[in-house]
Amino acid sequence: MKKINSNFILMVNAYYQAEAYSLGMIASGVFGQISIQSELETFRNYISTHQIKLQELLLKAESSNELGKIEKATIAYEFEKINLNHLFTYEIENSIENFKKRGGDMTSYRISFQLATDSIIGLVGNFVKHFDHLSLRESTSTSIDSIMNQNHWTGENLLEQINDIRLLKTVYGYTDHWIKEYTFQIFN
């Protein structure tokens, strides 16, 4: 299996959580409702310990009720460094906004997104090793095309993983292009 870019996964999770935070969406937890979820909190702690100025901006944004704005800008800047443009973050924002309109809770969004990510890591990680004659981008793209568009799959576990990945498109509104880019960056 290919190496996993866990920092990228953290940034995507923190970005969608920051968008939800900025929209006033909450998550339900074992001990009640949660306004900031764990990946956003982890990201905030990371940037606060590495950049004091950002820590000050986070506190200022919170006090002026601009929740999630600084985190989103910081993550978007990091995405630009790896050649992801504003369309990548736009799809995340659009997905969260539509989920909110349907009355969704961030806990269910987060769980489904994590299941899809785990399935991408497992399935595509195994597929990519069979495409050693292709570049990483081509092999991840070919794998996602197959997962999203072919129906020859068998086996309950495999079908469940494929369904988890397809939910990114059918339920959460991500395009095939976004899913391919997300997958590529996970393994890049």
Side-chain angles (χ1 to χ4, degrees), residues 4-27 35-48 50-51 53-62 64-102 104 106 108-110 112-114 116-117 120-121 124 135-145 147-149 165-188:
I4 306 303
N5 185 345
S6 56
N7 286 337
F8 175 73
I9 295 170
L10 171 66
M11 286 194 301
V12 170
N13 288 343
Y15 194 91
Y16 76 68
Q17 290 174 21
E19 175 63 16
Y21 192 47
S22 73
L23 295 173
M25 289 179 72
I26 53 162
S35 60
I36 298 180
Q37 293 183 6
S38 60
E39 288 88 350
L40 182 56
E41 188 68 32
T42 301
F43 182 77
R44 291 177 115 210
N45 290 337
Y46 172 79
I47 62 174
S48 294
H50 289 87
Q51 299 179 11
K53 185 66 175 167
L54 277 175
Q55 182 179 21
E56 292 169 9
L57 288 172
L58 286 171
L59 293 172
K60 184 179 177 184
E62 237 173 46
S64 62
N65 207 25
E66 294 181 346
L67 307 173
K69 193 174 187 177
I70 301 299
E71 294 93 338
K72 285 173 38 179
T74 304
I75 296 167
Y77 175 74
E78 293 298 318
F79 285 162
E80 286 175 14
K81 287 183 188 177
I82 57 173
N83 298 317
L84 290 175
N85 65 25
H86 69 281
L87 295 175
F88 188 82
T89 55
Y90 172 78
E91 284 205 35
I92 297 171
E93 292 168 6
N94 192 44
S95 176
I96 295 294
E97 288 172 21
N98 288 330
F99 195 71
K100 181 181 181 180
K101 286 177 188 173
R102 293 191 311 266
M106 280 311 296
S108 59
Y109 188 99
R110 183 172 177 245
S112 293
F113 197 90
Q114 188 59 51
T117 299
I120 286 171
I121 291 169
V124 177
S135 70
L136 179 60
R137 184 169 295 282
E138 290 171 320
S139 62
T140 55
S141 180
T142 299
S143 297
I144 291 299
D145 273 339
I147 290 167
M148 299 303 282
N149 301 310
I165 296 169
R166 288 179 177 176
L167 287 176
L168 288 174
K169 180 176 182 175
T170 60
V171 174
Y172 299 104
Y174 290 103
T175 62
D176 286 5
H177 176 76
W178 189 94
I179 297 167
K180 288 176 187 179
E181 189 61 43
Y182 178 64
T183 303
F184 170 73
Q185 293 297 336
I186 286 174
F187 293 103
N188 191 18

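No hydrogens, no waters, no symmetry mates; every other heavy atom, side chains included, goes into these values.
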A.B. asks: Can you say whether the rings of F99 and Y109 are parallel (under 30°), tilted (30 to 60°) or perpendicular (over 60°)?
C.D. replies: perpendicular
A.B. asks: May I ask you to decide if T175's main-chain N or O and E91's side chain share a donor-acceptor pair within less than 3.5 Å?
C.D. replies: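 Yes.
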A.B. asks: With distance as the sole criterion, is a donor-acceptor pair present between the side chains of Y16 and S95 under 3.5 Å?
C.D. replies: no
A.B. asks: Less than 4.5 Å apart, any side-chain heavy atom of L84 and any of E78?
C.D. replies: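 No - every pair of side-chain heavy atoms lies 4.5 Å or more apart.
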A.B. asks: Contact between N5 and F187 at the side-chain level, heavy atoms closer than 4.5 Å - yes or no?
C.D. replies: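 With C-beta onward as the side chain, the pair stays apart.
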A.B. asks: Would you indicate whether the side-chain heavy atoms of L23 and E97 approach each other to under 4.5 Å?
C.D. replies: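 Yes, side chains in contact.
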A.B. asks: Does any non-hydrogen side-chain atom of I92 lie less than 4.5 Å from one of K72?
C.D. replies: no
A.B. asks: Does a side-chain heavy-atom distance below 4.5 Å link N188 with R137?
C.D. replies: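 Heavy-atom side-chain distance check fails, nothing below 4.5 Å.
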A.B. asks: Measure the spacing between CD1 of I186 and CD1 of I120 and express it to the nearest 0.5 Å.
C.D. replies: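 I186 CD1 to I120 CD1: 5.0 Å, rounded to 0.5 Å.
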A.B. asks: Do the ring planes of W178 and F113 sit parallel (below 30°), tilted (30 to 60°) or perpendicular (above 60°)?
C.D. replies: perpendicular
A.B. asks: Out of curiosity, I82 CD1 to M11 CE, how far, rounded to the nearest 0.5 Å?
C.D. replies: 5.0 Å
A.B. asks: Determine, stepwise, if the pair V12 / T117 fulfils side-chain contact (heavy atoms from CB on, under 4.5 Å).
C.D. replies: CA-CA 11 Å; V12 170; T117 299; over 6 Å; no
A.B. asks: To the closest 0.5 Å, what do you measure between CD (E19) and CD1 (I75)?
C.D. replies: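 That separation rounds to 11.0 Å.
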A.B. asks: T183 and I179: which non-hydrogen atoms are nearest, and at how many Å?
C.D. replies: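 T183 and I179 have their closest heavy atoms at OG1-O, 2.7 Å.
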A.B. asks: Search all heavy atoms of G104 against all heavy atoms of M25 and return the closest pair with its distance.
C.D. replies: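 Closest heavy-atom pair between G104 and M25: O-CE, 3.4 Å.
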A.B. asks: I165 and A116: which non-hydrogen atoms are nearest, and at how many Å?
C.D. replies: CG1-O, 3.9 Å
A.B. asks: Closest approach of N13 and Q114, non-hydrogen atoms and distance?
C.D. replies: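 For N13 and Q114, the tightest heavy-atom pair comes out as ND2-OE1, 3.9 Å.
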A.B. asks: Can you name the ring pair (Phe, Tyr, Trp, His ring centres under 6.0 Å) partners of F184, sequence neighbours left out?
C.D. replies: none
A.B. asks: Does any part of the side chain of Q17, heavy atoms only, come nearer than 4.5 Å to the side chain of R110, both counted from C-beta?
C.D. replies: yes
A.B. asks: Between D176 and I144, is there a side-chain heavy-atom distance shorter than 4.5 Å?
C.D. replies: no
A.B. asks: Which atom pair, heavy atoms only, marks the closest approach of Y172 to S108?
C.D. replies: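 That closest heavy-atom pairing would be OH-O, 4.0 Å.
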A.B. asks: Return the CG to CD distance between N98 and E93, rounded to the nearest 0.5 Å.
C.D. replies: 12.0 Å
A.B. asks: Measure the CD1-OG1 distance between I147 and T140 for me, rounded to the nearest 0.5 Å.
C.D. replies: 10.5 Å
A.B. asks: Would you call F79 and H86 a side-chain contact if the rule is heavy atoms closer than 4.5 Å?
C.D. replies: no
A.B. asks: To the nearest 0.5 angstrom, please state how far the CG atom of N83 sits from the NZ atom of K81.
C.D. replies: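 Interatomic distance, N83 CG to K81 NZ, rounded to 0.5 Å: 12.5 Å.
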A.B. asks: Would you find a donor on one side and an acceptor on the other, under 3.5 Å apart, between the side chain of N149 and the backbone of D145?
C.D. replies: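 Yes; at least one donor-acceptor contact below 3.5 Å.
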